[in-house]
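The structure displayed is predicted, hence computed values, not measured ones. Values below: all heavy atoms of this structure, side chains included; hydrogens, waters and symmetry mates excluded.
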Amino acid sequence: MLGKKNMAVESNLFDLFNYKLSCFLNTRNKARRWKDFSYVKWEEDVLDLNVVVNKRKLDLIRWYDNLSDIEERRVAILKSKFTDNDFECIKTVLSRFGYLFKIQKKQSDKDYRLLFFVIQLINMKNNKSIGEKRNELMTSLCQQLLCELFLCYEDFSRFSVDNDRVFFETENIGSVNLVDMINLLFLEKKTDDSCAFGMFYTSLIRFLFVSDNEKHHLNFDDKNEKFIYPDFFIHHLNDETKKSKIFNIIPDMLDLSQSSNEIFISNMLLMSFIFYFLKCERRNILQIKKYLNDDDVFLRFFEAVIKRRLIIGKDHFTDLGLDDYLSKIKLNETHFYNILNEA
């Protein structure tokens, strides 16, 4: 059971996530304060989330610099039959988790993708209607999130999700529960600082991966918002009588007069199409082409799929008779893309 302090931290995480999203959509968003957290300016227009301990601010991205006994803790990890590579991987993952709450004034493709994977995880974890498929999708979402957090394949592929637990594949002793490793690292030897880090990271694991029967919805005033949540999207994909409702929203996604909130929802929908419908079966793009029955609309949708740069690219769709469309899609890897514009 979580203690009251842990539950307080966990209850703040969705609020912090919503604040990051608000700042992503609104550059003049009002500053917020939390008892146990503080945003600290790292560089111009970039804020990093810190935990507050005894009125001191500790950076979550560089957490290990705030523990003077980090070497002693590393030795304790090694004595528990973990390797140096295991320790460095966990050290890096926990550091990268801090990037989930980083606020940057300038929108980026990376932020779009991180926001997507967090929204999917915190809602997929409560989707019991898909049975064992849930573990498979949670693992895929987890690994893609870690990939977006700059982990290499050798590292992010060591993590999996099984029935509300995140497992880490060690080099010597098989799979271990990530929470057990966090407890060993931070709570075996307790200090005020290590307890603060330990509570944050265990609460974050629960927030992202452990079912809680809560609806973590954004509550935008958008009729299409319901489709960005995996239970609703997957249900419609799997029901042939309802699939057309998903295809019907594609023209809305491409509307050039969308507000900033609407274009955010449209980008989340676009990534849902990619992740749940096109990633595993590339020929599904032909279903969309047939349904739309409009070359201009299909080309704009196809272009959006490619330019979103999520998992799949042009090569994914070769040999499907779509070469004419592919030749019209010009990529610039350095440009930010959000359906409405490329800059």
*Please lay out, stage by stage, how Q287 and N284 fare under the test side-chain hydrogen bond (donor to acceptor under 3.5 Å, both in side chains).*
CA-CA 5 Å; Q287 285 188 44; N284 284 340; 3.1 Å; yes
_Show the nearest heavy-atom pair for residues R56 and D193, with the distance to one decimal._
NH2-OD1, 2.6 Å
*Does a side chain donor of either Q120 or Y276 reach within less than 3.5 Å of an acceptor in the other side chain?*
yes
*Are D315 and T318 linked by a side-chain donor-acceptor pair shorter than 3.5 Å?*
no
*asked:* For residues I274 and L331: do they belong to one hydrophobic cluster (side chain heavy atoms under 4.5 Å, members Ile, Leu, Val, Met, Phe, Trp, Tyr)?
replied: yes
_If you compare all heavy atoms of H216 against all heavy atoms of I122, which two are closest, and at what distance to 0.1 Å?_
CD2-O, 3.2 Å
_Would K289 and F302 count as a cation-pi pair here, with the cationic atom under 6.0 angstrom from the ring centre and within 45° of the axis?_
no
*asked:* Looking at E72 and K189, is there a salt bridge between them, counting it only when a charged N and a carboxylate O are closer than 4.0 Å?
replied: yes
*If only atom types and distance count, is the side chain of E262 paired as donor or acceptor with the main-chain N or O of S259 below 3.5 Å?*
yes
*asked:* On a heavy-atom basis, which atom in N126 and which in E214 lie closest, and how many Å separate them?
replied: ND2-O, 2.9 Å
*For D239 and T241, what are the C-alpha separation, side-chain angles and deciding distance, and is it a side-chain hydrogen bond (donor to acceptor under 3.5 Å, both in side chains)?*
CA-CA 5 Å; D239 188 335; T241 66; 2.5 Å; yes
_Pairing donors with acceptors under 3.5 angstrom, does anything connect the side chains of D59 and W42?_
no
*Output the distance between atom CG (L149) and atom CG (L100), rounded to the nearest 0.5 Å.*
5.0 Å
*Is it true that the side chains of N50 and S38 contain a donor and an acceptor less than 3.5 Å apart?*
no
*Using a distance-only test with no angle check, is there a side-chain donor-acceptor pair under 3.5 angstrom linking D48 and Y99?*
no
*Cation-pi check, K279 to F275: give yes when NZ or CZ is under 6.0 Å from the six-membered ring centre and within 45° of the ring axis, no otherwise.*
yes
*Side chain of K226, backbone of K223: donor and acceptor closer than 3.5 Å?*
yes
*Which is it for R96 and I61 under the side-chain contact (heavy atoms from CB on, under 4.5 Å) test, yes or no, and what are the steps along the way?*
CA-CA 6 Å; R96 300 294 165 78; I61 294 176; over 6 Å; no
_With no hydrogens and no angle check, just 3.5 Å: does a side-chain donor-acceptor pair link K243 and H236?_
no
*Measure across F82 and D86 and return the closest heavy-atom pair with its distance rounded to 0.1 Å.*
CA-OD2, 3.6 Å
*Can you name the nearest heavy-atom pair linking K41 to E44, along with the distance?*
NZ-OE1, 3.2 Å
*Between L286 and L320, which heavy-atom pair has the shortest distance, and what is it?*
CD2-O, 3.9 Å
*asked:* Check whether T27 reaches the backbone of C23 with its side chain - one donor and one acceptor, N or O, closer than 3.5 Å.
replied: no
*Looking at N163, D164, T139, which hits side-chain hydrogen bond (donor to acceptor under 3.5 Å, both in side chains) with R134?*
D164
*Going by the side-chain contact (heavy atoms from CB on, under 4.5 Å) test, name the single residue among L121, V118, I119 that passes it with L141.*
L121
_Candidate pair L47 and Q104, rule side-chain contact (heavy atoms from CB on, under 4.5 Å), full reasoning_ = CA-CA 7 Å; L47 301 174; Q104 301 183 85; over 6 Å; no
*Check whether the side chains of S266 and Q258 place a donor and an acceptor atom closer than 3.5 Å, and report yes or no.*
yes
*Does D84 pair with R74 as a salt bridge, N-O distance under 4.0 Å?*
yes
*With under 30° as parallel and over 60° as perpendicular, where do the rings of H217 and Y229 fit, or are they tilted in between?*
parallel
*When you look at NZ of K128, are more than 12 heavy atoms from neighbouring residues, nucleotides or ligands closer to it than 6.0 Å?*
yes
*Is there a donor in the side chain of N54 and an acceptor in the side chain of D192, or the other way round, less than 3.5 Å apart?*
yes
_Y112 six-ring centre to R308 NZ/CZ under 6.0 Å and within 45° of normal_ = yes
*Near K110 NZ, under 6.0 Å, is it more than 12 heavy atoms from other residues, nucleotides or ligands?*
yes
*Assess the side chains of D162 and N135: does a donor N or O sit below 3.5 Å from an acceptor N or O?*
yes
*Can you name the one residue among F186, F197, F200, Y64 that meets side-chain contact (heavy atoms from CB on, under 4.5 Å) with L94?*
F186
_For residues Y153 and F150: do they belong to one hydrophobic cluster (side chain heavy atoms under 4.5 Å, members Ile, Leu, Val, Met, Phe, Trp, Tyr)?_
no
*Is it true that the side chains of S95 and T92 contain a donor and an acceptor less than 3.5 Å apart?*
no
_We want to know whether S129 and N127 form a side-chain donor-acceptor pair, criterion being a heavy-atom distance below 3.5 angstrom._
yes
*asked:* Consider ring pair (Phe, Tyr, Trp, His ring centres under 6.0 Å). Of F227, Y291, F301, which one does F247 pass it with?
replied: Y291
_Check the orientation of F273 and F277. Use parallel for under 30°, tilted for 30 to 60°, and perpendicular for over 60°._
perpendicular
*Would you say the side-chain atoms of N338 and N267 include a donor-acceptor pair closer than 3.5 Å?*
no
*asked:* Below 30° counts as parallel, above 60° as perpendicular, anything between as tilted: where do the rings of F159 and F168 land?
replied: tilted
_Counting only heavy atoms from other residues, nucleotides and ligands, does the tally under 6.0 Å from NZ of K314 exceed 12?_
yes
